[in-house]
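To keep things clear, I will list the structure first and then write my remarks on it.
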Amino acid sequence: MKFDEDGNVTTFEKKKMELYHELSLQARDLRFQHLTSITARNNNIIIRMEALKAVVTPNSLLVLDFRGLGLERWLVLELAPQLNGDHGALATHSLPFEFRALEAILQHRVNTLQARLNEVHPVILDILESLVDPKLLSADRSKLHILLQNSKNLSELETDIKVFKDSLLKILDEEEMIEELCVTKWTDPRVFEESSLGIDHAEEMELLLENYFMQAEELGNTTRELKGLIDDSESVIFINLDSHRNVMMRLNLQLTMGTFSLSLFGLMGVAFGMNLESTFEEDPKVFWLVTGFMFLGSGLIWRRLLSFLGRHLEPTIPPQIPTVWKRNQINSKGGEVKSGLR
Amino acid sequence: MKFDEDGNVTTFEKKKMELYHELSLQARDLRFQHLTSITARNNNIIIRMEALKAVVTPNSLLVLDFRGLGLERWLVLELAPQLNGDHGALATHSLPFEFRALEAILQHRVNTLQARLNEVHPVILDILESLVDPKLLSADRSKLHILLQNSKNLSELETDIKVFKDSLLKILDEEEMIEELCVTKWTDPRVFEESSLGIDHAEEMELLLENYFMQAEELGNTTRELKGLIDDSESVIFINLDSHRNVMMRLNLQLTMGTFSLSLFGLMGVAFGMNLESTFEEDPKVFWLVTGFMFLGSGLIWRRLLSFLGRHLEPTIPPQIPTVWKRNQINSKGGEVKSGLR
Amino acid sequence: MKFDEDGNVTTFEKKKMELYHELSLQARDLRFQHLTSITARNNNIIIRMEALKAVVTPNSLLVLDFRGLGLERWLVLELAPQLNGDHGALATHSLPFEFRALEAILQHRVNTLQARLNEVHPVILDILESLVDPKLLSADRSKLHILLQNSKNLSELETDIKVFKDSLLKILDEEEMIEELCVTKWTDPRVFEESSLGIDHAEEMELLLENYFMQAEELGNTTRELKGLIDDSESVIFINLDSHRNVMMRLNLQLTMGTFSLSLFGLMGVAFGMNLESTFEEDPKVFWLVTGFMFLGSGLIWRRLLSFLGRHLEPTIPPQIPTVWKRNQINSKGGEVKSGLR
Amino acid sequence: MKFDEDGNVTTFEKKKMELYHELSLQARDLRFQHLTSITARNNNIIIRMEALKAVVTPNSLLVLDFRGLGLERWLVLELAPQLNGDHGALATHSLPFEFRALEAILQHRVNTLQARLNEVHPVILDILESLVDPKLLSADRSKLHILLQNSKNLSELETDIKVFKDSLLKILDEEEMIEELCVTKWTDPRVFEESSLGIDHAEEMELLLENYFMQAEELGNTTRELKGLIDDSESVIFINLDSHRNVMMRLNLQLTMGTFSLSLFGLMGVAFGMNLESTFEEDPKVFWLVTGFMFLGSGLIWRRLLSFLGRHLEPTIPPQIPTVWKRNQINSKGGEVKSGLR
Amino acid sequence: MKFDEDGNVTTFEKKKMELYHELSLQARDLRFQHLTSITARNNNIIIRMEALKAVVTPNSLLVLDFRGLGLERWLVLELAPQLNGDHGALATHSLPFEFRALEAILQHRVNTLQARLNEVHPVILDILESLVDPKLLSADRSKLHILLQNSKNLSELETDIKVFKDSLLKILDEEEMIEELCVTKWTDPRVFEESSLGIDHAEEMELLLENYFMQAEELGNTTRELKGLIDDSESVIFINLDSHRNVMMRLNLQLTMGTFSLSLFGLMGVAFGMNLESTFEEDPKVFWLVTGFMFLGSGLIWRRLLSFLGRHLEPTIPPQIPTVWKRNQINSKGGEVKSGLR
């Protein structure tokens with residue numbers, strides 16, 4: 001089913017049962033029930049990282065079921081040289097094979113997670129930037145939809161990072177499991193003694209795992225910050241929309257006031273327009289008087305209403321604003337004094 | 001009261017007291033006060049998983065009070081073959097009976113939780129998808145109600161998963177309790193020695209429990225993601241509704257402006273419609289003049305108001321937008337450099 | 001000061017000092033500074049559970065200051081028989097007296113908490129049910145007030161449960177403290193040896209405390225779920241209110257459009273109503289023409305505005321909705337495959 | 001620099017260097033870099049509680065830099081008698097001096113925190129009560145401002161309580177540090193032996209610290225509850241405001257409907273008011289007909305619109321409400337059954 | 001590549017390989033993969049604090065790649081004297097070189113974090129203060145944008161503080177690592193014995209690290225408080241905007257009522273303005289009657305509507321408000337009693 005590499009790559013297919021016998025493993029050990037797991041069994045390290053299933057023996061790496069397209073290219077182009085030690089990027093040249101294999105796989109996993117983050121990150125920033133734009137009266141709803149998609153991807157990524165971190169942490173917390181992962185130490189004492197002149201294998205393994213744990217932690221921090229940014233931006237979008245609405249509402253109210261004034265005094269005009277006798281019909285001055293009264297009255301009433309609105313929107317009693325921030329200034333001053341003293 | 005299985009199923013009824021004597025347990029041990037619990041007492045494992053109450057002895061499994069309908073079918077159709085070892089799905093063939101029994105029960109519990117999640121999951125996704133649709137002016141309130149129901153079920157499910165995880169974790173944290181669960185080890189040393197040629201019972205038990213713990217953890221992660229998705233979707237729904245409102249409000253405001261302009265100049269027409277003498281009555285040009293003035297004036301005022309609105313809705317000073325995202329680009333660049341270096 | 005029970009109840013009053021001497025305790029030990037605490041001192045267990053203050057000696061239970069009305073009835077009607085062992089509900093018949101006393105008190109405490117939860121629970125559910133009702137245009141504000149009261153009670157209850165759990169957990173975490181609580185073991189070695197033929201006292205005590213800890217945990221889970229339900233319901237209420245508002249706003253906008261159209265063409269009528277010469281006065285067809293134009297024009301303009309509104313409320317570009325939920329389906333499918341394989 | 005008390009108070013000024021020599025401490029030890037810390041150095045306990053800096057030696061208490069006004073009164077009026085043992089409130093009479101000193105200082109700290117809470121607590125409750133009032137159409141904005149100030153103070157208080165708790169917890173977690181705090185034990189073995197006939201010093205110290213830790217915990221619980229209450233109240237205020245708005249909006253909409261109807265039929269009146277020939281001018285019945293038609297038509301159209309609004313606001317399909325709460329009833333019933341069984 | 005200081009500063013460039021040999025380190029050790037890390041390797045302490053990369057050997061401090069501008073000034077002006085012991089601010093004069101170097105670097109890091117906080121803190125307070133101002137009808141959107149930027153910076157700062165704290169905590173949690181950091185102890189036993197007459201190196205190191213850990217903790221507390229303040233302020237802004245809106249809406253509604261009344265009775269005037277015969281044309285009293293009726297009727301209807309609105313906005317049943325706060329008063333009273341008793 002798969003290909004084995006020690007220096008050169010060989011691809012072959014095998015029945016599961018043969019594999020079990022060869023590696024003296026049990027059927028259960030190769031079931032890969034969890035999406036992310038690293039376990040040591042009978043001097044083999046069994047790894048699953050989502051799609052990638054691998055068995056690390058003391059001198060070979062078996063990759064099972066490599067169907068994913070991206071995986072194949074990575075396997076051929078990058079994994080082989082890394083395991084050979086040609087590639088200068090690995091820090092584990094002088095160390096036994098299982099270190100190189102484990103590092104290559106963990107590095108691949110972290111790179112995958114980083115790539116997913118790199119994909120989501122700029123999209124979210126772009127959308128937030130355009131949504132937060134204070135000039136917009138209404139949020140672009142298709143962008144909201146894309147934001148939702150990406151924030152969903154982000155939380156899936158967050159879960160995957162957490163799972164990856166947890167599976168590393170489980171090993172880091174137990175000294176024994178780290179020891180078990182140092183396969184060479186148990187199978188090939190000669191190589192072990194040779195290489196371990198200056199190095200403790202278990203400690204090296206711990207450093208290696210810790211390294212990837214911290215890389216995952218950094219990814220986790222970035223996703224958390226990004227989630228916080230989305231939350232903050234949503235608040236700002238709400239305040240923006242609400243502010244726009246309030247401004248429009250005030251304008252609306254002012255115009256309604258105008259319309260009301262005009263209706264009130266227009267009623268007077270309508271009254272005089274009735275086909276009823278009002279005894280004023282013949283007096284030419286009355287026309288100008290009433291017309292003037294109508295327009296002036298409307299204007300005055302409107303002005304009164306507007307000034308009433310102005311007063312109405314102010315708070316009842318002006319609060320003592322300064323007191324809110326008092327203690328902080330003391331605090332920050334204290335901070336300066338403190339740092340000055342040292 | 002119920003049926004016992006070792007290879008074949010027997011159903012019988014018994015008084016509680018007889019049962020106590022037979023298993024040398026105390027009344028208190030079979031009270032099942034907690035909804036989910038696994039305890040070892042006198043070489044018996046006493047398990048309760050919500051409706052399912054069972055006692056695992058070294059060579060039989062007693063299921064008590066199996067009244068739930070679904071349970072009965074599971075007991076007859078699935079449990080019996082699993083315990084016999086006929087069913088190929090269990091990983092504990094070669095292990096003593098209590099492993100098979102425990103695994104069957106835990107598997108049943110995880111399956112139940114998974115089934116509940118599978119029931120709630122697509123419903124919530126469907127509802128959210130239809131609620132988030134940006135074309136909708138208002139949320140469909142009957143869907144909201146169904147969403148509320150499902151999100152309630154979801155949080156109940158979350159609690160159940162948490163309780164299940166906690167009861168497993170309590171055992172996993174104490175070495176002694178794991179030892180106690182390996183009933184055969186204590187009762188039947190012969191079988192123990194025989195089977196344990198290559199296997200440490202306690203370690204196997206730990207693996208078995210850990211396996212189900214991690215499955216529960218995965219379920220828990222999914223529920224948490226789903227809850228996050230509901231929250232995010234609600235925010236998007238709010239922004240959607242607010243955006244719609246703002247758009248409508250602007251249209252409303254524009255029309256109110258129009259109505260105001262028309263009222264203002266309509267007042268002029270009303271003035272001339274009064275049955276008062278204005279000396280212009282006989283001049284035919286005045287009609288066209290005033291009418292034209294009315295319409296043109298309305299139009300002009302409206303246009304002024306609209307452009308005023310346009311200016312009013314813009315922010316006072318355009319902020320320096322680019323600075324917000326600066327550091328992130330450095331960060332992500334740093335990330336690329338880092339991964340490039342290795 | 002109060003009544004002592006071993007088999008029969010005696011009520012008496014004592015000075016604090018005498019009590020100290022009798023129990024060889026210090027004044028400080030009986031100060032009960034914390035609302036909830038269980039401590040062992042000189043072979044006495046000193047317990048405070050909010051109002052209830054008690055001292056358990058190896059063969060009697062002293063309850064101090066029983067002023068609370070509810071407490072008195074509980075003391076007489078329930079506590080006495082429970083301590084005698086008449087009451088069949090206690091699991092500690094065969095165990096020394098301090099177990100019975102401790103169990104009775106803890107049971108009383110859990111019952112009190114449960115009763116408070118039972119009081120708050122249905123009220124909150126009722127109110128939420130009526131508030132969430134999608135037919136309502138506005139939330140009933142008196143119900144909101146009651147909801148606020150109950151949610152306040154709920155968080156107080158949550159704190160009390162947490163405090164109860166913490167005080168049990170503090171004992172469970174320290175083996176020594178559990179040993180100390182087994183008073184009989186230290187004072188009456190004979191009884192101890194007799195009864196402990198099959199039972200380890202400390203382990204029994206741990207089981208007893210753990211039992212009540214888990215009961216408290218279940219209460220805590222229920223309160224947490226209830227709080228989550230309140231939060232979810234509030235979101236739904238907000239979306240409901242917002243939706244109602246949007247619907248009303250659209251209707252309002254549509255009518256404003258109508259009013260605007262009528263005003264626009266009404267202006268024409270007003271123009272012709274002016275007492276100015278328009279040369280059309282004598283032509284009877286013009287009346288019908290202008291009137292028809294007014295009504296028809298209004299109708300047409302309104303229709304144009306409505307269709308404009310319809311177009312305006314739709315999003316700019318229809319987003320690719322399906323992609324949001326893609327990965328979930330894979331996930332849930334994966335889950336089914338996984339469970340199918342086993 | 002300050003005053004020393006063993007039985008009597010003496011105030012003196014000293015150079016820092018002399019103090020160091022006298023107490024055989026290093027300069028660094030008296031720098032008090034953290035706002036809250038308790039450390040033991042060379043048989044001295046060095047304490048800082050915000051403004052209060054003190055050194056406890058086996059038989060004296062040095063308070064440094066007592067500039068705060070409130071502090072001075074406390075020092076003279078309360079601290080001296082407490083250390084003398086005159087004051088009956090301390091539980092550590094029979095214990096060595098450092099216990100009394102430590103207790104006095106911790107008590108002072110807890111009292112200060114409690115006082116700050118007592119100050120903020122009623123103000124917040126009052127404001128919330130007035131803001132939550134369902135009769136209010138709009139929140140009083142000056143009260144909101146005061147609420148913001150107080151909620152800021154509250155979170156500062158929360159931080160201080162947390163810091164206090166953490167510094168106590170740090171000591172409680174390390175047995176050694178507790179031992180070190182029992183200064184007399186190391187300096188004055190005679191006194192130690194004498195007093196410790198029945199008492200273990202380290203245990204007493206642990207009890208003392210634990211006592212204040214739990215008092216701080218209670219304060220912390222209260223602040224957390226208060227914060228929760230503020231959050232809940234804000235939700236209720238929002239729902240209140242939204243409800244008010246919806247009610248007003250419906251009224252507004254109903255009136256807009258009325259105005260629309262009147263405009264529509266008013267147009268007819270305007271049409272007949274034009275100075276154009278309509279051939280009906282002479283028929284007296286037409287006046288009543290048209291007028292009646294106008295008013296009746298307006299009324300009818302309005303009624304139709306109102307009933308249309310009524311139908312429009314109802315949800316499309318009435319959801320099955322009962323199902324939401326089903327499981328809870330089972331649960332709570334289960335709870336009753338459970339408690340009834342025991 | 002850089003400069004080394006023991007008493008005097010020397011700047012030189014070196015190849016990486018030479019450096020490795022000189023310090024007997026491996027290439028991997030100087031890769032600085034994490035933004036913040038402190039590790040001990042072969043009696044060298046390797047430190048990275050974001051831009052600053054340094055190696056502390058028992059008697060020199062190598063700073064690598066000091067490209068940052070601010071860093072250079074700090075290196076020359078502050079670091080050199082601090083390491084010489086000229087600067088009075090360091091608490092580690094009498095201690096070996098590595099203490100001085102480590103303290104200088106940690107102090108620099110904390111100062112940098114503090115400086116970033118000091119930059120963000122007043123800006124956020126200023127903006128919040130101006131945004132919370134209850135007089136404002138709408139939030140200034142450019143300020144919102146700046147707030148968003150700063151809250152983003154704040155959460156980045158929070159992450160950096162957390163990372164710094166975690167890397168210190170990792171060392172503090174492992175006794176061995178602290179021992180390893182005491183480089184002099186291992187390389188120069190003579191110096192070690194000499195200086196350690198009264199001091200335990202490992203303990204001093206622990207104190208030093210703990211000191212900076214607590215400083216970072218204080219920074220973390222301040223950022224958390226600031227975040228809480230932003231959240232609270234946003235709620236207040238929302239309530240403010242909502243309140244404004246409700247007030248405006250009520251005014252709008254009142255005016256709409258007025259306009260409606262005027263339209264209703266204006267219709268009467270329009271009716272009489274029609275060129276239709278109404279038989280009242282000649283009666284002069286009818287003019288005044290109808291006009292009066294129009295105005296009075298409008299006024300009365302408006303008044304009815306206003307009082308209807310007033311009634312409509314009140315809640316259905318006045319709730320029993322006092323009960324909400326009852327228990328708190330008991331509690332706080334209990335608190336006073338308690339503190340009074342001691």
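We name chains A, B, ... by the order of the sequence lines, and we start the count at 1 in each one. Only this structure's heavy atoms are used, side chains among them; waters, hydrogens and symmetry mates stay out.
Going from atom CZ of A:Arg250 over to atom CG of E:Asn252 covers 13.5 Å, rounded to the nearest 0.5 Å. Distance check, rounded to the nearest 0.5 Å: CG of A:Leu253 to CZ of E:Arg245 gives 13.5 Å. Atom CD of E:Glu156 is separated from atom CG of A:Asn221 by 11.5 Å, given to the nearest 0.5 angstrom. Note that NZ of A:Lys227 is 14.0 Å distant from OG of E:Ser155, once rounded to the nearest 0.5 Å. Of the inter-residue distances, the one linking E:Asn240 atom CG with A:Ile239 atom CD1 reads 10.5 Å to the nearest 0.5 angstrom.
When atom types are taken as modelled, the side chain of A:Asp242 and the backbone of E:Leu241 share no donor-acceptor pair closer than 3.5 angstrom.
When heavy atoms are compared at a cutoff of 4.5 Å, E:Ile237 approaches chain A solely by way of its side chain, counted from C-beta outward. Contact annotation for E:Asp166: only side-chain heavy atoms (C-beta onward) come within less than 4.5 Å of a heavy atom of chain A. Of the atoms belonging to E:Lys170, it is side-chain heavy atoms, and not backbone ones, that fall under 4.5 Å from chain A.
Taking every heavy atom of both residues into account, A:Ser235 and E:Glu234 meet most closely at OG-OE1, 3.2 Å. Across every non-hydrogen atom of E:Met248 and A:Asn246, the tightest pair is CE-O, 3.6 Å. Listed here is the closest heavy atom pair of E:Thr259 and A:Ser263: CG2-OG, 3.9 Å.
Side chain to side chain, A:Asp232 and E:Ser151 meet the donor-acceptor criterion of an N or O pair below 3.5 Å.
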Q) Could you walk me through whether A:Val236 and E:His145 pass the side-chain contact (heavy atoms from CB on, under 4.5 Å) check? A) CA-CA 8 Å; A:Val236 167; E:His145 212 265; over 6 Å; no

Q: Begin from the C-alpha positions of A:Glu225 and E:Thr159 and carry the test side-chain hydrogen bond (donor to acceptor under 3.5 Å, both in side chains) through to its verdict.
A: CA-CA 8 Å; A:Glu225 268 180 37; E:Thr159 305; 2.8 Å; yes

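Side-chain contact between E:Leu148 and A:Ser233: present, with at least one pair of heavy atoms (C-beta onward) separated by less than 4.5 Å. Under the 4.5 Å side-chain criterion, counting only non-hydrogen atoms from C-beta, A:Phe260 is not in contact with E:Thr256.
A salt bridge between E:Glu158 and A:Arg224 is absent, with no side-chain N of the basic residue lying under 4.0 Å from a carboxylate O of the acidic one.
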